[in-house]
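Here the structure comes first, spelled out in structure tokens, and everything after it is commentary.
Ligands are counted one by one from 1 in listed order, and the atoms in each one are counted from 1 as well. It should be emphasised that the depicted structure is a prediction, and the values quoted were computed from it without experimental measurement. Residue indices begin at 1 and follow the sequence shown.
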Amino acid sequence: MLFHVTMTVRLPHDMPAAEADALKAREKALAQELQRAGTWRHLWRVAGRYANVSIFDVADNAALHDTLMKLPLFPYMDVEVQPLCRHPSSVHEDDR
Ligand SMILES: O=C(O)CC1=CCC(=O)O1
């Protein structure tokens, strides 16, 4: 199943820079692992915001929840999820 996920990152202003940098490094490593595995299909920066728009390909709602909960930045993100299904006019056979 495909999900459109918007993540807005809200790190506390008083978080030490080293702690924030370590979290971001762990987030990047896991995000790249999930992209290589095909789970995190798209990752786009929202221009002008500390936010991203992503497409996840996971088995079901519970799998998405588990994946998001494992993200190191999860405690510091507002997450909005929209489930997707194939548009009847789409020419992309691999859209599910
Ligand atoms: O910077 C972000 O939008 C949060 C994030 C997701 C994957 C990553 O590496 O950072």
Side-chain angles (χ1 to χ4, degrees):
M1 292 177 67
L2 296 178
F3 292 90
H4 176 285
V5 180
T6 303
M7 305 178 207
T8 302
V9 184
R10 301 188 193 285
L11 290 175
H13 296 298
D14 59 354
M15 178 180 278
E19 188 179 337
D21 288 348
L23 271 174
K24 290 177 198 174
R26 288 175 49 219
E27 180 85 11
K28 180 175 181 176
L30 182 53
Q32 292 188 335
E33 184 183 320
L34 290 169
Q35 287 173 77
R36 290 191 186 100
T39 302
W40 198 326
R41 283 237 210 139
H42 290 269
L43 170 58
W44 294 94
R45 174 64 73 218
V46 180
R49 293 176 52 202
Y50 191 6
N52 72 72
V53 164
S54 293
I55 302 291
F56 282 84
D57 186 355
V58 291
D60 53 26
N61 294 11
L64 179 69
H65 182 76
D66 291 347
T67 301
L68 294 175
M69 291 278 291
K70 285 178 188 148
L71 297 178
L73 285 174
F74 182 80
Y76 307 102
M77 293 194 296
D78 291 334
V79 179
E80 296 167 49
V81 174
Q82 292 176 294
L84 303 175
C85 54
R86 192 172 192 282
H87 193 287
S89 303
S90 173
V91 297
H92 299 289
E93 297 291 333
D94 60 341
D95 289 351
R96 287 170 274 128

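Within ligand 1, the atoms closer than 4.0 Å to a non-hydrogen atom of Glu27 are 5 (C), 6 (C), 7 (C), 8 (C), 9 (O), 10 (O), numbered from 1 in the order shown. Every atom of ligand 1 is numbered from 1 in the order shown, and the set under 4.0 Å from a heavy atom of Val9 is 2 (C), 4 (C).
By the 4.0 Å heavy-atom criterion, Met7 is excluded from the residues contacting ligand 1. Within the 4.0 Å heavy-atom shell around ligand 1 one does not find Gln32.
With values rounded to the nearest 0.5 angstrom, His42 atom NE2 is found 12.0 Å from Phe56 atom CZ. If you take CG on Leu68 and CE on Met7, they are separated by 5.5 Å, rounding to the nearest 0.5 Å.
In the displayed structure, His65 atom NE2 is contacted under 6.0 Å by at most 12 heavy atoms of other residues, nucleotides or ligands.
When only non-hydrogen protein atoms are considered, atom 4 (C) of ligand 1 lies nearest to Asn52 ND2, 3.6 Å. Of all protein heavy atoms, the one lying nearest to atom 9 (O) of ligand 1 is Lys28 CA, 3.4 Å. If you check which protein heavy atom lies closest to atom 2 (C) of ligand 1, you get Arg45 NH1, 3.3 Å.
A heavy-atom distance below 4.5 Å is not found between the side chains of Ile55 and Trp44. No side-chain heavy atom of Gln82 sits less than 4.5 Å from a side-chain heavy atom of Thr6.
Minimum heavy-atom separation, Leu30 to Lys70: CD2-O, 3.6 Å. In plain terms, the two heavy atoms of Val81 and Phe3 that are nearest each other are CG1-CD2, 3.7 Å.
For a threshold of 3.5 Å applied to N or O pairs, the pair formed by Trp40 and ligand 1 contains no separation below that value. Backbone and side-chain nitrogen or oxygen atoms of Tyr50 are examined, and none is located within less than 3.5 angstrom of a nitrogen or oxygen of ligand 1.
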